[in-house]
Enquirer: 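Okay, here's the structure, questions in a sec.
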Amino acid sequence: MHRSRTTRCDACQVGEDFRITLTFGTPLAERFRVERFAQWQSSYPDYVYQMNQRSLTKAVEGQIAPSRLSTFWNAAPGVPEKVLSALDALWFDQKCTGKYAG
């Protein structure tokens, strides 16, 4: 079965369980981008990543600016409010504790 290539996050889904699914054919650059803040789980039939406290802390330690993640979320269709609220809370907490200075 052949699937067409996608660009940006046209064909990604973010679930309430903080799981990100990228369809087959998603460019490698986009997959690397997601891997900076989510942990890889599988590559077949789709690419699946899981955001968790550890992966998001790694992103903060890597100085990934919330605005860069916002670009990703804005390109992803239908990101659950639960996920957006949790990420906002994390960035606020990290900024208050001085772990993220951006």
Side-chain angles (χ1 to χ4, degrees):
M1 176 181 199
H2 176 72
R3 297 185 197 180
S4 62
R5 292 199 170 271
T6 59
T7 57
R8 302 302 236 139
C9 208
D10 301 341
C12 76
Q13 295 178 333
V14 180
E16 286 199 12
D17 60 355
F18 294 78
R19 183 172 295 176
I20 301 169
T21 304
L22 304 174
T23 60
F24 180 80
T26 298
L28 184 59
E30 289 302 311
R31 296 191 327 253
F32 280 151
R33 186 170 151 191
V34 170
E35 203 162 314
R36 294 186 70 199
F37 61 87
Q39 184 176 9
W40 171 84
Q41 290 195 319
S42 67
S43 297
Y44 186 82
D46 294 317
Y47 301 101
V48 179
Y49 299 85
Q50 181 71 48
M51 284 186 293
N52 54 40
Q53 189 69 34
R54 185 176 182 188
S55 67
L56 291 171
T57 298
K58 179 180 160 187
V60 169
E61 290 170 353
Q63 295 294 301
I64 297 175
S67 61
R68 293 192 68 184
L69 281 179
S70 293
T71 301
F72 174 83
W73 302 127
N74 290 336
V79 177
E81 187 60 38
K82 173 183 173 180
V83 173
L84 295 174
S85 296
L87 292 172
D88 285 345
L90 174 74
W91 294 128
F92 180 76
D93 178 59
Q94 298 296 324
K95 204 164 193 177
C96 288
T97 60
K99 292 181 183 175
Y100 180 77

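All values below come from the heavy atoms of this structure, side chains included, with hydrogens, waters and symmetry mates left out. Since the structure is predicted, the reported quantities are computational estimates derived from the model, not experimental observations.
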Enquirer: If you look at every heavy atom in Asp17 and Gln50, which pair is closest and at what distance?
Expert: O-NE2, 2.6 Å

Enquirer: Residues in side-chain contact (heavy atoms from CB on, under 4.5 Å) with Arg31, at least two apart?
Expert: Leu22, Thr26, Leu28, Tyr47, Tyr49

Enquirer: List the residues meeting side-chain hydrogen bond (donor to acceptor under 3.5 Å, both in side chains) with Thr21, not counting sequence neighbours, and say none if there are none.
Expert: none

Enquirer: Among residues at least two apart in sequence or on other chains, which ones pass side-chain hydrogen bond (donor to acceptor under 3.5 Å, both in side chains) with Ser43?
Expert: Trp40

Enquirer: If you group Ile, Leu, Val, Met, Phe, Trp and Tyr by side-chain heavy-atom gaps below 4.5 Å, do Val48 and Val79 land in one group?
Expert: no

Enquirer: Quick one: list whatever passes side-chain hydrogen bond (donor to acceptor under 3.5 Å, both in side chains) with Gln39, sequence neighbours left out.
Expert: Asn52

Enquirer: Drop me the distance from Asp46's CG to Gln13's CD, to the nearest 0.5 angstrom.
Expert: 8.0 Å

Enquirer: When clusters are formed from ILVMFWY side-chain contacts under 4.5 Å, directly or step by step, what else is grouped with Tyr44?
Expert: none

Enquirer: I would like to know whether Val34 and Glu30 meet side chain to side chain contact (heavy atoms under 4.5 Å, CB included); could you show each step before the answer?
Expert: CA-CA 6 Å; Val34 170; Glu30 289 302 311; 5.8 Å; no

Enquirer: Quick one: closest heavy-atom pair of Met51 and Leu56, and the distance?
Expert: SD-CD2, 4.3 Å

Enquirer: Might you point out which heavy atoms bring Pro80 and Gly15 nearest each other, and give the distance in Å?
Expert: CG-C, 3.8 Å

Enquirer: So, using side-chain contact (heavy atoms from CB on, under 4.5 Å) as the criterion, who are the partners of Lys58 when residues are at least two apart?
Expert: none

Enquirer: With sequence neighbours excluded, tell me which residues meet ring-ring contact (aromatic ring centres under 6.0 Å, His included) with Phe37.
Expert: Phe72, Trp73

Enquirer: Starting at NZ of Lys82, measure out to CD of Glu16 and round the result to the nearest 0.5 Å.
Expert: 5.5 Å

